[in-house]
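For reference, the structure is listed below as structure tokens.
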There are 2 protein chains.
Amino acid sequence: MVRIVDVAAEAGVSPSTVSHVLSGKRPISEATRERVLEAVRRLNYVPNPAAQALRERSASAIGFYGSDISETFVARNIRGVERVARHAGYHLLFASGIEFDYDVGRALDFLHSRRLDGIILAFAFNETEPIPFPRGLDCPVVTINRAVPEGYHSVLPDNRRGGYEAGRHLLESGATRIGFIGGPPNRPASSERQLGLARALEEHGLALEERRVYLGDYSQGSGVIGLRRLLEADPGIDGVFCVNDFTAAGAINAATQLGRRVPEELKVLGYDDRDFAEFWPVPISTFSYPLEEMGQYSAELLLSLMRGDSLPELTHYIPSTLVRRRSTAS
Amino acid sequence: MVRIVDVAAEAGVSPSTVSHVLSGKRPISEATRERVLEAVRRLNYVPNPAAQALRERSASAIGFYGSDISETFVARNIRGVERVARHAGYHLLFASGIEFDYDVGRALDFLHSRRLDGIILAFAFNETEPIPFPRGLDCPVVTINRAVPEGYHSVLPDNRRGGYEAGRHLLESGATRIGFIGGPPNRPASSERQLGLARALEEHGLALEERRVYLGDYSQGSGVIGLRRLLEADPGIDGVFCVNDFTAAGAINAATQLGRRVPEELKVLGYDDRDFAEFWPVPISTFSYPLEEMGQYSAELLLSLMRGDSLPELTHYIPSTLVRRRSTAS
DNA sequence: TTGTATGCGTTATCAG
DNA sequence: CTGATAACGCATACAA
């Protein structure tokens, strides 16, 4: 492996000159500069990152913890993170929750043992549960899609607003007896969307009636069952907001089987903009997240923190965007 | 940050003793051993990885290049890789193709600059194109889902066999006039599945007739168009093998619109086992890949290579598994 | 504008 | 069984 001294010898200068040429941290005469750069090129010199890290007390690396990388949303976050990180000269060290039995504490210890300059934690939507959260970390941390008690900065989708816009959209498309098929009651993503929906209805002088709410488990199956239950409770329902596209797909399937035409007799609105939403037999109206942007934003946040900036707001809400398709056409 | 000398002081021994206790590379008396371990615990000592890397000439890190991490398949590969890598004490450095405009060479240079001990390249299925492949790397490399000219080891799905089994399955479920909706002609995944299908038909005394083949672009839309074309060319078609589930979904949509009942009048078989295949209005029979296992296997391969083993076969085929659902029920 | 010398924290060689 | 010491490759404080 070629070292800085080799380059120095080749260029006929001292190692420190080579170092300074490369870092630009002190003035160098154009002549020697050229010579050094030429030598670097000729020998194909790349600084040894371990030596740099040892010397600089910084690995130039950011840790990315993805609770479940095989979940598209987490995977898309990482793209945004990567773009910003690499641009700033940082590498990404990867750790997934699955390998640590979703024990964030252990995963963080692991990342931490690598002396990273910062850590980003990206969580899947609809995820299983509270975070058994870590002890004191001595590097900046930003979380995506999960607010964390201890006051770390987090980047979150604005679920409340999404739910509100869902309500507005269903009302605008002509529905008046509107139901909700959600996830388990303890999941913020679901309950906040429900709250948003309720507010939109209230503003319109309507209530989100108890009997028109079914809480399932985010699955397609709970869309099927949920829709049946809702129609039993109130056969006049003409619009359903589903907590995600899986549930919406199930609801549409069930509606079709029961002979209710979507969207003519029943509007169905999903969330997440999964790939299949676009080409479902009845294309599903839904909300899409700016997932890469969320990754990007969180990385920018982290870089600020790493620079020592102290940023005021700890929670950063990112809006989702309504995607209009046939399932809610009026 | 606590260093090895601190631990040594705390335990009343020399740094070298601490090092040896931790590495187990030379005999240590039980007494000092205990004392050292106790000190390590008390001070919460973690060796500085940069110093280790500098000294050991190895970063204990593996590079993972994912051509497109937001593609579920690549994402699931990484899980298998991670499991094996971490178990062997390696960390994962991440780089995605998108950030390098899919220029594998540049991405590899990047990873390489980190002096990694090995590199895994995972490619998406159905991907855009030939690999502009890298110059001489001085560390072991294994690719997933893409054979590479220069003789690197690669782990590939057995598409030929998948196509063959698709043909057998369609025949067994009663179809005799069987068509194929594929991807672009230059994609090995598609053409190999087609070849496998053709062979299964031939063994049965049937031919995969030209007019019963439509080559699209892997999308849902090409399933729609493809099925129409196929039915125009031969209204008697009673079975279609689609190159993936998107295409199969489109084919089912089109069939339904044309009044052909699936599976009663037409069997449709997909590939990939996408999430929606399971709950498509007509659940889609398909093939699932052992994606994590492929990741695992490639990591094991890489570790062997890193140990200096020289392994004979360069290409390792992994079979996919038929998943029987309603779309091909007899 | 350039060069010399030191230390980052670890491991391993050599001596005891 | 244990300890002192050198070296890994770099960046910088200091000297010129």
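A note on names: the letters A, B, ... follow the listed sequences, proteins ahead of strands, and every chain is numbered from 1.
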Query raised in the report: Does A:R57 put a side-chain nitrogen or oxygen below 4.0 Å from OP1 or OP2 of D:dA11?
Result: no
Requested in this report: Identify whether the distance between the nearest side-chain nitrogen and carboxylate oxygen of A:D6 and A:R3 falls below 4.0 Å.
Outcome: yes
**Report entry** Side-chain donor or acceptor of A:N44 paired with backbone N/O of A:V40 under 3.5 Å
**Finding:** no
Requested in this report: Return yes if some donor-acceptor pair links the side-chain N/O of A:R35 with the main-chain N/O of A:A11 below 3.5 Å, else return no.
Outcome: yes
Query raised in the report: Please give, in whole Å, the distance from D:dT12 C1' to A:L54 CG?
Result: 14 Å
**Report entry** Spacing between A:R35 atom CZ and C:dT2 atom C1', to the nearest angstrom
**Finding:** 11 Å
Report summary line: Going 5' to 3' through nucleotides 10-16 of chain C and flagging B where a protein heavy-atom sits under 4.0 Å of the base, S where only the sugar-phosphate is that close, and - otherwise, we get BBB-B--
Report task. Report the distance from atom CD1 of A:I28 to atom C1' of C:dG3, rounded to the nearest whole Å. Result -> 11 Å
Query - Donor-acceptor pair, side chain of A:E313 and main chain of A:T315, under 3.5 angstrom - result: no
Query raised in the report: When you measure from the side chain of B:T17 to the backbone N and O of B:V13, does any donor-acceptor pair fall under 3.5 Å?
Result: no
Report task. For the pair B:D117 (side chain) and B:S58 (backbone), establish whether a donor and an acceptor sit closer than 3.5 Å, ignoring hydrogens and angles. Result -> no
